[in-house]
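Below: the structure, in structure tokens.
Computed over heavy atoms, backbone and side chain alike; hydrogens, waters and symmetry mates excluded.
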Amino acid sequence: MSFRKRLLLLFALTIALVVALSSSVVWVMLRRSFERANEERAEGLTAQFRGEFARRGEEVARRVAAVASGDTVGRIALELNRGGADRGLYVDTAGELATGQHLDFLELVDDQGVIVSSAQWPAKFGYKKTDVAWATRPGAFLRREEVADGVQLGLFSLRAVRVGEKPLYVLGGQTLGSGFLASLELPPGLRVLLYPNVEHDFTAGRLVDARGPVKDGERLGELVRLVQASGQEAGGVVEWSGDSADAESFRALPLTGAGADAKSELLGVLLVGSTRRPLVALQRRVVSASLLVGGVGLLLAILMSSWLAARVSQPLVALAEGARRVAAGDWDTRVPVASRDELGELAEAFNRMTGELRTQRDHLVQAERVAAWRELARRLAHELKNPLFPLQVTVENLVRARGLSSAEFDEVFQESTGTLLAELGNLKAIIGRFSEFSRMPQPQRSLVSVNEVVQGVEKLHAAQLATAGIAVDMAMGEVPSVSADPELLHRVVSNLVLNAVDAMPSGGKLRLATRSLEGAVEIAVSDTGTGMSKEEAERLFTPYYTTKQHGTGLGLAIVQSVVSDHGGDVAVESAASGTTFRIRLPLGVS
């Protein structure tokens, strides 16, 4: 991955992380603020409900008290105390009194608990009422009441009318249902639901709000059952549809009867619902804002990373290009210093380095030249010294032979002149080899068949190889022609073959092989002679270095020089079982 891409990725990840963390914090804070505000509104609505409940209770108590203090109820109580009264005359009395006081429930009950008259269920006349503790209560209370079509929840008040020894009880109240909920003043986004707890299990049809039965009331069943089981407040979120904005947070409050524990006398459940639409809208706006900020941040990241990468990468690219040029041999390379910061210091350090390398190169080249000339003089003196000693001895023999007889002098003269001619021939050969190395000709290129060159070398040395007891293995592959000097290439292969012959004085096997490589042709010359050590193999192509007793150390140096002039390379692989020289010549070099 490039530096610019890494920088862009780093900026993008940083901005995304910051935006995500900021959005998460805002999200959590919004949620907590909403929940806190929702709790406060629910508590306010609960307080309002309790206040309305108390006000309605006082109103119910006042209306029941008005019924109890009326002449009609007083007359009925008096007649019941006298005895012998026809109770059938009072069947409709409770209904008339309830209508006059706007009461939903009203019953007149004697001291034995027998219903004298019932407004909500006239057919209960004469039945005994057993679900009421007949003790006068000062205020209103919540209770369930059986009616003709079921059981209803109401707010009741009880009064006793005493005209004689036997009291007459007046039990009246109003229904606690949709009408009561409609009288509550609700803030926007809140609603109140009521569930009369008249069965052991949850019945969705009994759940009402200010407009009547609640649609999909079964979704609130789990919350109601939780209150039924624990008798304590409970809360939860109800999803009405797939849209989270339609969800509501509910707080369920138990409604209990007076004088009993909450769990056994749970008469109803009040549910205060708060829409979550404002919270969802805020959260969606936060997400939209986060995406907008993230997009703008990403755009800024691209611009900043591009600018910073260009500022940083361009000097680095220049340094890399300068390094490549230095590696290619351009020691005069310099890079521009565009700033005074760390990158500028790096460019200056690079320029100083190239200057020092150039100076060191000049010194090294001079030292190598001096060393090369010294080595050349040493090797030339060594090579010339060997033939000079026989020449000196021969001349001394001739001087001493002058005092001998003519026949003896002729014999010494013939022998000495032969020696002189032989040693002079050696001197000429030594000087010729050094001269040849000093003036290696430039290749005269043409398209050359490598296989033909290798086969020609084998034919040239076939007799010598057979005499030395060396078997030849030819492995010619299908290789293309290369651009090369045929005579120089022939000399290279011939030198390697002669080198292999010298490595196998007792005979062996010589293998000549060619093969095609990717963009090149390889010539391999292998022998089964005594291998070389790693140190010897590394110095093998050094001029004047030889492992032979009478060698000049120039043969392999000439091989490397010729191959290099052709744009190729030569390598050596040596082991105890033999040595292999590999020459690689590139295709298409002109």
Side-chain angles (χ1 to χ4, degrees), residues 383 386-387 418-419 421-437 440-441 443-444 446 448-479 481-482 484-515 521-532 540-541 546-563 566 570 572-583 585:
E383 293 293 331
N386 290 333
T419 302
L421 291 175
E423 294 302 329
L424 288 174
N426 289 336
L427 285 174
K428 184 177 180 181
I430 292 171
I431 294 173
R433 286 196 296 270
F434 278 98
S435 176
E436 179 183 9
F437 178 73
M440 286 295 298
Q444 301 299 317
S446 63
V448 177
S449 172
V450 175
N451 287 344
E452 290 181 2
V453 170
V454 175
Q455 291 169 352
V457 171
E458 188 272 336
K459 291 179 181 178
L460 177 65
H461 298 283
Q464 181 182 0
L465 293 171
T467 303
I470 298 174
V472 180
D473 178 19
M474 301 289 290
M476 300 292 101
E478 294 184 3
V479 297
S481 298
V482 298
D485 188 319
E487 294 183 3
L488 292 179
L489 188 58
H490 184 278
R491 184 184 302 180
V492 165
V493 179
S494 180
N495 281 349
L496 293 178
V497 170
L498 293 175
N499 194 72
V501 172
D502 292 339
M504 297 182 290
S506 301
K509 183 177 181 181
L510 174 68
R511 188 173 190 270
L512 301 176
T514 60
R515 63 171 179 167
V521 171
E522 181 184 86
I523 304 172
V525 179
S526 304
D527 63 65
T528 58
T530 304
M532 296 176 290
L540 199 58
F541 297 102
T546 180
T547 59
K548 304 175 185 177
Q549 184 177 0
H550 301 291
T552 62
L554 296 176
L556 293 178
I558 293 173
V559 169
Q560 187 181 50
S561 177
V562 171
V563 173
H566 283 79
V570 58
V572 61
E573 302 170 1
S574 185
S577 58
T579 303
T580 298
F581 288 88
R582 298 186 185 277
I583 299 173
L585 298 174

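For the atom pair I583 CD1 and T514 OG1, the distance stands at 12.0 Å (nearest 0.5 Å). Between M476 atom CE and E452 atom CD the span is 12.0 Å, to the nearest 0.5 Å. Distance check, rounded to the nearest 0.5 Å: CG of D485 to NE2 of H566 gives 5.0 Å. Summarising the geometry, atom CG belonging to L496 is positioned 10.0 Å from atom CG belonging to L510; distances are rounded to the nearest 0.5 Å.
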Side chain to side chain contact (heavy atoms under 4.5 Å, CB included) between T580 and V525, worked out: CA-CA 6 Å; T580 298; V525 179; over 6 Å; no
Step-by-step side chain to side chain contact (heavy atoms under 4.5 Å, CB included) determination, K509 to D527: CA-CA 6 Å; K509 183 177 181 181; D527 63 65; over 6 Å; no
Side chain to side chain contact (heavy atoms under 4.5 Å, CB included) assessment of H461 paired with L498: CA-CA 8 Å; H461 298 283; L498 293 175; 3.6 Å; yes
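Of all non-hydrogen atoms in P486 and A484, the two that sit nearest each other are CD-O, 3.4 Å.
For R515, the side chain to side chain donor-acceptor pair (under 3.5 Å) partners two or more places apart in sequence, or in a different chain, are E522.
Taking 4.5 Å as the limit, every side-chain heavy atom of V562 sits out of range of all side-chain heavy atoms of L489. By the 4.5 Å heavy-atom criterion applied to side chains, V501 and I470 are counted as neighbours. Within the 4.5 Å cutoff, side-chain heavy atoms of N451 are placed close to those of V479. I523 has its side chain out of reach of L512: every pair of non-hydrogen atoms, C-beta onward, lies at least 4.5 Å apart. Side-chain contact between M474 and V472: present, with at least one pair of heavy atoms (C-beta onward) separated by less than 4.5 Å. Counting heavy atoms from C-beta outward, R582 and V570 have side chains that stay 4.5 Å or more apart.
Each of V497, N499, V559 was scored for a side chain to side chain contact (heavy atoms under 4.5 Å, CB included) with F581, with one residue passing: N499.
Between the T467 side chain and the A463 main chain, a donor and an acceptor come within less than 3.5 Å of each other. A donor-acceptor pair is defined here as one N or O able to donate and one able to accept, closer than 3.5 Å; no such pair exists between the side chain of T579 and the backbone of S574.
Enclosure of atom CD in E487 is not indicated, since only 12 or fewer non-hydrogen atoms of other residues, nucleotides or ligands lie within 6.0 angstrom.
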